[in-house]
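The figures here come from the full heavy-atom set of this structure, side chains too, leaving out hydrogens, waters and symmetry mates.
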Amino acid sequence: MYLRYFFQGVLNVLSLGLFTAFPAQAQNWLQIEARDIPAECTRPVSCIDRSQLALRNILNISQTDRDALLQTINRIATIRGLPDDVQRQPVIVPESMIEILHPMPAAAPLSLLTNHPGVFFDSVALDKNEETAAFGPYIREHLSATGVRFLTEKELERTPGHPKLVVRLTPRSDAEGSIIPFSVSMSISEEAVMVRNPSLKVSANTWSRVVKENLANKNYTPMSSLSQVVEQFVTDWISQNP
């Protein structure tokens with residue numbers, strides 16, 4: 001029974017120090033507490049408040065045995081370095097958010113731009129392509145003037161959701177004698193969690209638009225498509241961040 005709890009429970013090991021006025025005596029008193037975690041709990045730390053006490057013993061062992069015991073416990077532990085007040089710390093369990101998230105109404109698409117922290121925009125691939133070399137400067141100029149903040153890589157790592165701006169040019173192609181016009185797409189992607197399982201994080205578009213080539217206009221270029229995409233984004237951004 002002891003070993004079963006020893007390996008399946010959560011161990012709190014506390015050195016009680018020396019019960020003597022003579023510090024030279026090498027005594028080590030340990031209190032070992034084992035608690036049984038509910039079998040259905042997938043995150044043990046969040047279930048400590050629902051655990052049941054299995055045993056609580058006090059041992060008096062030598063320094064060598066003490067070190068060996070603690071090293072063994074630390075080696076086989078699934079979770080290490082728990083703070084002293086772990087049972088008093090508020091823990092948000094993703095599964096507990098389902099009842100809160102499920103009844104929430106879906107947000108209006110443009111509301112996702114409200115008070116937006118900014119985006120990370122990597123234009124290296126665009127800059128290397130002759131057809132899209134002017135895309136990067138154009139986007140930065142017009143979006144910055146609108147109030148959009150461009151994040152550095154370090155700022156991106158600190159920003160919840162890791163918002164990224166992606167722009168692509170899909171070239172014109174021919175298929176069985178039919179012309180498929182080129183198109184320019186722009187989107188902002190961010191990380192989001194699944195309502196049915198908040199422990200799962202996915203990437204989703206918070207804004208996107210695609211503009212295809214106008215075949216009736218011989219002077220229509222990829223930059224023409226980009227300007228229409230940017231114009232729509234600016235309009236949407238200002239509507240949510242006046």
Side-chain angles (χ1 to χ4, degrees), residues 1-105 107 115 117-118 120 151-164 189-204:
M1 182 67 72
Y2 171 76
L3 289 179
R4 182 171 72 86
Y5 286 118
F6 181 87
F7 287 104
Q8 295 182 355
V10 172
L11 292 175
N12 294 326
V13 181
L14 174 65
S15 175
L16 301 182
L18 301 179
F19 292 95
T20 176
F22 303 98
Q25 296 181 6
Q27 294 186 92
N28 285 276
W29 291 91
L30 297 179
Q31 175 179 306
I32 298 181
E33 179 177 304
R35 306 190 68 88
D36 213 15
I37 299 294
E40 69 277 7
C41 183
T42 58
R43 292 174 179 77
V45 176
S46 66
C47 301
I48 292 179
D49 60 341
R50 293 191 284 127
S51 63
Q52 293 184 348
L53 180 66
L55 59 83
R56 184 183 293 121
N57 292 339
I58 293 179
L59 310 178
N60 178 255
I61 56 178
S62 68
Q63 180 70 42
T64 301
D65 291 340
R66 172 188 181 276
D67 292 344
L69 173 61
L70 297 185
Q71 289 173 7
T72 299
I73 292 173
N74 191 59
R75 185 174 64 253
I76 67 175
T78 302
I79 301 175
R80 302 180 179 88
L82 295 177
D84 293 338
D85 60 346
V86 65
Q87 296 190 57
R88 295 189 296 274
Q89 291 183 342
V91 178
I92 298 178
V93 184
E95 289 81 356
S96 68
M97 296 298 294
I98 295 177
E99 294 183 2
I100 298 175
L101 299 174
H102 180 60
M104 289 179 61
N115 298 320
F120 175 75
L151 306 174
T152 64
E153 289 191 53
K154 289 185 177 180
E155 291 174 328
L156 174 67
E157 290 305 313
R158 297 194 300 265
T159 304
H162 298 116
K164 298 178 182 178
S189 64
E190 299 186 42
E191 296 172 339
V193 297
M194 297 288 292
V195 172
R196 63 176 173 80
N197 186 353
S199 65
L200 297 178
K201 186 165 62 173
V202 298
S203 179

Minimal non-hydrogen separation, P198 against L101, with atom names: CG-CD1, 4.0 Å
Heavy-atom pair with the smallest gap, counting every atom of L151 and P163: CD1-CG, 4.1 Å
Between CD on residue E157 and OG1 on residue T152, distance to nearest 0.5 Å: 9.5 Å
Value rounded to 0.5 Å, distance of CG in N197 from CD1 in I98: 6.0 Å
Side chain proximity check, L59 to D65, heavy atoms < 4.5 angstrom: no
From CG (L69) to CG (N74), nearest 0.5 Å: 11.0 Å
Separation of E99 CD from M104 CE (nearest 0.5 Å): 14.5 Å
Residue pair H162 / L156: nearest heavy atoms and the distance that separates them: CD2-O, 2.9 Å
Contact check, side chains of M194 and K201, non-hydrogen atoms, under 4.5 Å: no
Spacing of E191 atom CD and S203 atom OG [to the nearest 0.5 Å]: 7.0 Å
CZ on R66 to OG1 on T64, rounded to 0.5 Å: 11.0 Å
Pairwise side-chain contact, E153 with F120, heavy-atom cut-off 4.5 Å (strictly under): yes
